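Remarks on the structure that follows.
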Amino acid sequence: MTGIDAVKLSQGLPKSSRQQRRERKEHQEQVAAGVGGAAGLSQTTKLASKRGLSAEAGEKALQKMMQTTQRTTQSVNKTTGTFSKLWKSFKANVKFYTKDIMTRFPVLKHCAGFLGGALAFFVLVTGVNKAVKTGAIAVDDFKHQIEDFKSIA
């Protein structure tokens, strides 16, 4: 017996494309369930293949992440190696140029020794002068303590 389906009137705003897709999918699922086992098997196969594709996409994303991590690690190791080489080169250059300056300018070496000795002499004189002043203050303080002790006794 054939019948006439009721006409559905849309009320309010038109449906969004998302709603239309959802309703279309629900309608397809109902038709598939109504047709029988073959349609059900087809839908099951379709869902299983989608899940398989999503697992495959997850594996690809994981592989991409692992490759990015590996490239980053290699880059860090390469940069660290380059920095180590630069530091060793810098230290070697400092030694080389220091030795070069000292061989080219032996007068500078003697002047540095003379100036160092003069500086040490002035430090010694200043230290002795400070020690004499501190000693004089200590002796004066000691004299006052002895006088206070004699006046008490």
Side-chain angles (χ1 to χ4, degrees), residues 1-138 140-141:
M1 174 170 166
T2 60
I4 300 174
D5 291 332
V7 177
K8 295 181 181 177
L9 296 175
S10 62
Q11 297 175 355
L13 298 173
K15 296 178 183 175
S16 68
S17 61
R18 183 181 233 173
Q19 289 173 333
Q20 289 175 350
R21 278 186 265 145
R22 189 175 347 118
E23 287 180 4
R24 199 175 308 130
K25 184 176 180 182
E26 288 174 3
H27 181 68
Q28 287 174 349
E29 289 174 359
Q30 289 172 357
V31 169
V35 170
L41 181 61
S42 172
Q43 187 67 19
T44 304
T45 306
K46 184 177 176 182
L47 290 174
S49 68
K50 282 185 181 178
R51 287 188 181 142
L53 288 176
S54 67
E56 184 179 328
E59 288 177 8
K60 286 182 181 179
L62 179 63
Q63 284 178 341
K64 187 174 182 179
M65 182 183 68
M66 293 297 287
Q67 288 173 349
T68 303
T69 304
Q70 186 178 16
R71 274 188 255 125
T72 303
T73 304
Q74 289 172 348
S75 176
V76 168
N77 289 341
K78 187 176 181 180
T79 304
T80 303
T82 303
F83 179 75
S84 296
K85 289 177 186 176
L86 286 174
W87 184 249
K88 287 178 183 177
S89 174
F90 173 75
K91 288 170 62 176
N93 286 339
V94 167
K95 288 180 183 178
F96 171 76
Y97 288 117
T98 303
K99 185 178 178 182
D100 187 50
I101 289 171
M102 289 303 179
T103 56
R104 290 178 190 261
F105 302 106
V107 174
L108 182 66
K109 187 175 182 180
H110 295 301
C111 288
F114 173 74
L115 292 175
L119 183 63
F121 174 76
F122 287 117
V123 169
L124 177 68
V125 169
T126 304
V128 168
N129 189 22
K130 191 172 185 178
V132 169
K133 286 181 181 178
T134 305
I137 293 171
D140 189 46
D141 187 46

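Residue numbers start at 1 and run along the sequence shown. Just so we're clear, the structure is a prediction, and the values are computed from it rather than from any experiment. What you see below is based on every heavy atom in this structure, not just the backbone, and it leaves out hydrogens, waters and symmetry mates.
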message: Between Gln67 and Arg71, does the side chain to side chain contact (heavy atoms under 4.5 Å, CB included) criterion hold? Intermediate values first, please.
response: CA-CA 6 Å; Gln67 288 173 349; Arg71 274 188 255 125; 3.8 Å; yes
query: Atom CZ in Phe114, atom CG in Leu119: separation rounded to 0.5 Å?
result: 11.5 Å
Distance (rounded to the nearest 0.5 Å) between Asn93 CG and Asp100 CG: 11.5 Å
message: Please check: side-chain N/O of Thr134 versus main-chain N/O of Lys130, any donor-acceptor pairing under 3.5 Å?
response: yes
